[in-house]
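First comes the structure, then the notes that go with it.
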There are 2 protein chains.
Amino acid sequence: MTASETRRQIVVAADRLFYERGFEATSFADIAGAVRLSRGNFYYHFRTKDEILQAVIAHRIDATQAVLDAWEAGADSPAERILSFVRILITNRTAIMAHGCPVGTLCNELSKLDHAAKDDAVRLFTLFRGWLVRQFTALGREADADALALHVLMRSQGVATLATAFRDEAFVRREIDDVAAWLTAQCPPASPPASRPHP
Amino acid sequence: MTASETRRQIVVAADRLFYERGFEATSFADIAGAVRLSRGNFYYHFRTKDEILQAVIAHRIDATQAVLDAWEAGADSPAERILSFVRILITNRTAIMAHGCPVGTLCNELSKLDHAAKDDAVRLFTLFRGWLVRQFTALGREADADALALHVLMRSQGVATLATAFRDEAFVRREIDDVAAWLTAQCPPASPPASRPHP
DNA sequence: CGCGCCGTAGGACATTTGACCTAAAATCTT
DNA sequence: AAGATTTTAGGTCAAATGTCCTACGGCGCG
């Protein structure tokens, strides 16, 4: 096995474990075990947990960017793209009801730990935020695109958190429908300006 | 110092530390140090970390219940009461931007740890949920009171999470205003039914 | 071919940390 | 002062982290 391939496997396994159990609760040995490496060999690739965290975040950023790029390259309208984003909550409902949103929970945990990589994790949010801003701008809402983007992110996060707490799939679907309705009201052909963000 | 008083101090200190650093990241010694107790004395009051967690959750439930009762005993209208709840985000903005929502982040962490006390933590949410249901019922929305309650909780959680990530106070205020506007649209004297929850 | 180099892999320590426990001193109660 | 309660100062044990050392196999080179 080549070193970079081994490394990649480690990052993928760590990514999953950090998501499922949290960063703090995942031990070096847990990750090594998941990839079937001895501790010593593991150390050859990553010397500290923080290094792994850095790599995991970088990996997530790449993966996220790829998904967003693909959506933006597709034929969907900006509004449909935004809905694609929100529907992640449905697609990943099982994982989310068990472990929450990967981005939100990581940012929360790193904030509490006051971890050096905190800001890097927030960049994941920033990625989505910027992408959403572009979609809303394309919908003719350049003036308040950022407020709208944050609003969509806010709703996703809120739904994810409550989904984890209550494990209520009907609630998730209801709220997704509500976002869809809100979105339609935001960017219609021509209707009275809705009561939303006044930035 | 009487035992129950010492115990109370321990719970208060543990509550703060669990909130600020997280449950997993807070050690026995951290709590003992915060109350200036020897580890042994600490052990006299609580034998395991899980016992402390139980006590902290019970303490939070009591405190929450007291606040909700006070609000319900006050002269405010149900709509104003709901706004009081949402405005906690403003009142506690400093703490929330640093450590998130105490309820949401605890539930998230315990979910990941698959901790036995997970469901007890969710009861904190349930407390708010039931209280909100009563307010919406009083506003004449008994039919969808629960969906509306969850919607308000969802927004609070989303705002808290993003507030922690971006530390943007203006965003928080904007979203609070938006909830207020939404609330007005929900339960007005008599207006066309808004596009909200269809449970 | 023989030899040393290097990337890769695996195991054997050493150190630290944190949860959990005990014995006995100090303090309070009656 | 007897007896219960509270506090202190230790100590144990397992898990986690950090570091080193050996081994194997390909490969360039004299």
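So you know, we letter chains A, B, ... as the sequences are listed, proteins then strands, and number each from 1.
Phosphate proximity of D:dT6 to B:Thr6: absent, as no side-chain N or O sits under 4.0 Å from OP1 or OP2. Close to D:dT7, at under 4.0 Å from its OP1 or OP2, lies a side-chain N or O of B:His45. Dashed line: the shortest gap from a side-chain N or O of B:Tyr44 to OP1 or OP2 of D:dT6 is under 4.0 Å.
Salt-bridge formation is detected for the pair B:Asp144/B:Arg141: a Lys NZ or Arg NE/NH1/NH2 atom is positioned less than 4.0 Å from an Asp or Glu carboxylate oxygen.
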Quiz item: How does protein reach along nucleotides 16-21 of chain C, written 5' to 3' as B (base within reach of a heavy atom under 4.0 Å), S (only sugar-phosphate), or - (no contact)?
Solution: --SSBB
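Taking each heavy atom of B:Glu109 and B:Gly22 in turn, the nearest pair found is OE1-CA, 3.5 Å. Residues B:Thr48 and B:Phe28 come closest through the heavy atom pair C-CE1, 3.9 Å.
Evaluation of the salt bridge (Lys or Arg N to Asp or Glu O under 4.0 Å) rule for A:Arg173 yields A:Glu169 as partners, not counting sequence neighbours.
In this structure, a donor-acceptor pair under 3.5 Å is present between the side chains of A:Gln65 and A:Asp69.
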Practice problem: For B:Ser27 and B:Asp30, run side-chain hydrogen bond (donor to acceptor under 3.5 Å, both in side chains): C-alpha distance rounded to whole Å, both residues' side-chain angles, the deciding distance at 0.1 Å, then the answer. | Solution: CA-CA 5 Å; B:Ser27 78; B:Asp30 289 337; 3.3 Å; yes
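One atom, CZ of A:Arg7, and another, P of C:dG7, lie 16 Å apart when rounded to the nearest Å. Between A:Phe46 atom CZ and D:dT19 atom C1' the separation is 18 Å, expressed in whole Å. Atom-to-atom, CZ of B:Arg36 to C1' of D:dT7 comes out at 16 Å; the value is rounded to the nearest Å. Protein atom CZ of A:Phe42 is 18 Å distant from nucleotide atom P of D:dC20, rounded to whole Å.
Nearer to the 5' terminus of DNA chain D, by closest-nucleotide assignment, is the contact made by B:Asn41 (compared with the other of A:Asn41 and B:Asn41).
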